[in-house]
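First up is the structure itself, then whatever we jot down about it.
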Amino acid sequence: MALDVTGAASATFTAAGGSGALGDLLPTSSKAIASDSFPGAELNYRNVSIPNGVVITFTGTKPATIKALSIVVNGELNVNGVTGQAAST
């Protein structure tokens, strides 16, 4: 399963291939995760389970790539981007 979210910030969710280096992501309350804190903005979990009523917000200047062997989202993953600025030529 892969989900690309368009915009200035985006994320890719991969249901297979996570190394599990970060262990499990099993939050019990809402929180923010800074994708820039990880090499290549890649987060490798073993299992991800977001329960009802929990919002996980990914922040940073790079799109987050979330990898896990199992991903269950009953709550919300927020990867909203912002409008970028035009590059000068």
**Prompt:** Does any non-hydrogen side-chain atom of Pro27 lie less than 4.5 Å from one of Val54?
**Reply:**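 Yes, side chains in contact.
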- [ ] Answer whether the closest heavy-atom distance between the side chains of Phe58 and Leu77 falls below 4.5 Å.
- [x]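 Of all side-chain heavy-atom pairs linking Leu77 with Phe58, at least one is under 4.5 Å.
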Report the distance from atom [atom1] of [X] to atom [atom2] of [Y], rounding to the nearest 0.5 Å.
X	Y	atom1	atom2	result
Asp24	Asn47	CG	CG	4.5 Å
Asn44	Leu25	CG	CG	12.5 Å
Arg46	Leu26	CZ	CG	8.5 Å
Ile71	Tyr45	CD1	OH	10.5 Å

**Asked** What pair of heavy atoms forms the shortest contact from Val48 to Ala68, and how long is it?
**Response**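 So the minimum-distance heavy-atom pair works out to CG2-CB, 3.8 Å.
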### Message
Does anything in residues 28-39 form a side chain to side chain donor-acceptor pair (under 3.5 Å)? List the pairs, not counting sequence neighbours.
### Response
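Sorted pair list: Asp36-Thr61.
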- [ ] Evaluate side chain to side chain contact (heavy atoms under 4.5 Å, CB included) for Ile56 paired with Ile33, printing each intermediate quantity in order.
- [x] CA-CA 7 Å; Ile56 302 300; Ile33 298 173; 3.8 Å; yes
